[in-house]
Amino acid sequence: MFSKSSSPREMTEVKRPEVESIVAELKAGDADTRKMYRKMLLEKGVDLNVAWLKKMMTEQAQLSEKMTFFWHGHFACRDDNPLLLQSLNNEMRANSLGNFKNLLLAVAQSPAMLKFLNNLQNKKDAPNENFAREVMELFTLGRGNYTEHDIKEAARAFTGWSFDKDTLEFHFREKQHDFGNKEFFGKTGNFDGKDIIDMILFKEECARFIAGKIYQFFVNDLPDEKVIADLGHKLYMSDYDIGELMKEIFLADWFYEPKNVGTRVKSPVELIVNTSRFLNAEYAGNDALIFVQRILGQVLFLPPNVAGWPNGKRWIDSSSMIFRMDFGRKLVDVSEFTQRLKADDDTDPNMVMLKEKSLKKKGRFFELDATINWDVLSASFNSTADVQFFNDVSQALLVAGKVNYDNAGFQFKEGEKSAKLKALFVYLTGRPEFQLC
C-alpha cells in the first residue's frame, strides 16, 4: 500500500538562485527598491502555494500528498522566505508515511520552524521557551503531559539549534548552547535537543496524541477515546511507524461504519482539490486559486497561528457556505462574480498582498477560468440510462448520503452526455452532502 514506487515527487517550484538574488536586493536597496523586491518575494510565495495546490490535484501518490497536507497543519509554520517553506514542505512529504521520530527531528531542525518559533533567539544566557513549549504542546504531547519546569529545562537543551544562512542547513552553535545539567521529566543529565525529543517519544502519551490528531483528520471530528487509545498503543509499539498506523486505520471495520463516513466537513483546500481532481481541471494563472483560498479562509503556507487551522463545522459560516455551495457552478459557468474577502489578518503583509493580488478592475470582480474537457470526462462514465448515469456520478462525487434519483427533484434535459454531466455536476456540488468527506 505504501511502496516506495508510489512516493511523490518533491516540490521544486521555488528556485534558490532567484530567491537569494531577491533577498540580497532586499538587504542592499533603498526603501523603494526593498518594497519592490519584497513584493517579488511574496509573488514567489504565491507561486509555491499554487504549485502545491495543483500538485495535490494531479499527484498519483494521493495518500502521501494528503498526509503531507495533514502534517502541514499539524506542524503549522509561516515565513516570508518561500525557499524555507518549500524545504520544510519537502521534509514533511519525504517522511509523511515514515517514522514519526525522523519526521519530528527533520521539522524541528528545519530553518523555517527554528525561525518561526524563535529558537534563533534561544541562547544559554537568555533562553527562549517558545520552541520547546510548542514542540510539546502542539507537536507531540498536548497540554497536561508536561510541566512549566519541563518547558524551561527543554528550552535550555534546545539552545544553539540554528541554521547556516548561506547553506540553509541546520547548524548547532556550540557557543550558544547550555551544556549544564537539566532536569526533564524527573531525570537529570546534560541533555541536548535530541535527548529531549527521545524522552518525549518515550512517553506513550505522545503516540496517543498523534493517533488522536490523525483519527480526527481522517476518520471523525468526534474522537472515539477507546479507538484512539488502541491506535496510540499500536503506534507506540511499532516505534512510531506512521505507515503502519494508516494501514491499521484503513483496514479497520469501524473505519467504514456509517457513523464514520461523511462526517467531516471538507477543509477549503480539500474542497478545491476534490472538485478540481474530479474535473481534471486546469487553471489559467494563479489569481483564481489564491482568491478562492482567501474567500474560504485557508491559504496554504499561511496558517492563522502556530496551532494551524480549525477543523469541522468551524469551516462553515454564512459567507463561506454560500460560496462553497456555488463553487461547482462557478467552475462550469466561468462567469464573473463578486465576493467579500474575509477580514482576518488584514494587517499581515502576506494577506494584504494576496488580497490586492486577487482584486481586479477595482470592483472585486473575479473569474474562475478553468479548462475542463467535458467530453472526455463524460466518456469515463459508461452508463447510458439516465438513472444509472445519475447514480454513477453521484457515487463518484458524494461520500456521504446516497442521493436517490427518484426523490432528488433533478431532471435531465435532452442533449449530449457532456451537457448532462455539467448539469448534474452543478446540482450535486450544490448539495450539502458534497461538503462532507
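If you read the sequence from its start, that first residue is 1, and numbering goes on from there.
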Under a plain distance cut-off of 3.5 Å, with no hydrogens placed, do [Y] and [X] share a side-chain donor-acceptor pair?
X    : Y    : result
S267 : E270 : yes
H177 : T159 : yes
D47  : N286 : yes
N122 : N128 : no
D221 : N311 : no

Just so I know, are the side chains of [X] and [Y] near enough to count as touching, which here means a heavy-atom distance under 4.5 Å?
X    : Y    : result
S162 : F172 : no
L42  : V46  : no
D241 : L235 : no
L201 : Y240 : yes
L83  : K44  : no

Side-chain donor or acceptor of [X] paired with backbone N/O of [Y] under 3.5 Å:
X    : Y    : result
D326 : I322 : no
E134 : F139 : no
W71  : S96  : yes
R78  : P303 : yes
N49  : V299 : no
Y236 : F202 : yes
Q293 : L289 : yes
K182 : F191 : yes
S64  : A61  : no
Y146 : M136 : no

Derivation and outcome, side chain to side chain donor-acceptor pair (under 3.5 Å), residues S87 and N90: CA-CA 5 Å; S87 177; N90 283 330; over 6 Å; no
Do the rings of [X] and [Y] sit parallel, tilted or perpendicular, given the 30° and 60° boundaries?
X    : Y    : value
F291 : F323 : perpendicular
Y215 : W254 : tilted
H74  : F209 : tilted

Basic-acidic side-chain contact under 4.0 Å: K152, E129: yes
Salt bridge flag under 4.0 Å for residues E244 and K247: yes
More than 12 heavy atoms from other groups under 6.0 Å of [atom1] on [X]:
X    : atom1 : result
E282 : CD    : no
K101 : NZ    : no
M36  : CE    : yes
Q395 : CD    : no
K194 : NZ    : no

Side chain to side chain donor-acceptor pair (under 3.5 Å) assessment of Y283 paired with T371: CA-CA 6 Å; Y283 295 88; T371 301; over 6 Å; no
Aromatic centroids of W161 and F170 separated by under 6.0 Å: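 Ring-ring flag for F170/W161: true, centres closer than 6.0 Å.
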Check: F131 ring centroid to F158 ring centroid under 6.0 Å: yes
F301/W52 under side-chain contact (heavy atoms from CB on, under 4.5 Å): CA gap, chis, key distance, verdict: CA-CA 10 Å; F301 298 105; W52 187 23; 3.7 Å; yes
Separation of R93 CZ from T68 OG1 (nearest 0.5 Å):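 Atom-to-atom, T68:OG1 and R93:CZ are 4.5 Å apart.
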Point-to-point distance, once rounded to the nearest 0.5 Å, from CG of L114 to CG of N119: 5.5 Å
Working for salt bridge (Lys or Arg N to Asp or Glu O under 4.0 Å), residues D230 and K234: CA-CA 6 Å; D230 181 60; K234 289 176 178 176; 3.2 Å; yes
Answer yes or no for [X] and [Y]: cation-pi contact, defined as NZ/CZ to six-membered ring centre under 6.0 Å and angle to ring axis within 45°.
X    : Y    : value
K213 : F218 : no
K203 : F185 : yes
R264 : F217 : yes

Of all pairs that satisfy salt bridge (Lys or Arg N to Asp or Glu O under 4.0 Å), the ones with a partner from residues 109-121, not counting sequence neighbours: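 Every pair satisfying salt bridge (Lys or Arg N to Asp or Glu O under 4.0 Å) with a residue in residues 109-121: D79-K115, D80-K115.
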Pairs touching residues 140-151 that satisfy salt bridge (Lys or Arg N to Asp or Glu O under 4.0 Å), sequence neighbours left out: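 Applying salt bridge (Lys or Arg N to Asp or Glu O under 4.0 Å) to every pair that reaches into residues 140-151, excluding sequence neighbours, yields R133-E148, E137-R143.
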Stepwise side-chain contact (heavy atoms from CB on, under 4.5 Å) check, F327 with V332: CA-CA 9 Å; F327 182 51; V332 171; over 6 Å; no
Results of ring pair (Phe, Tyr, Trp, His ring centres under 6.0 Å) for Y37 - residues two or more places apart only: none
CA sep, side-chain torsions, deciding dist, call: L300, H72, side-chain contact (heavy atoms from CB on, under 4.5 Å): CA-CA 9 Å; L300 292 172; H72 181 65; 4.1 Å; yes
From CA spacing to verdict: side-chain contact (heavy atoms from CB on, under 4.5 Å), M56, Q62: CA-CA 7 Å; M56 284 192 256; Q62 294 182 50; over 6 Å; no
Result of checking D192, D178, N181 against R156 for side-chain hydrogen bond (donor to acceptor under 3.5 Å, both in side chains):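 The passing option is D178.
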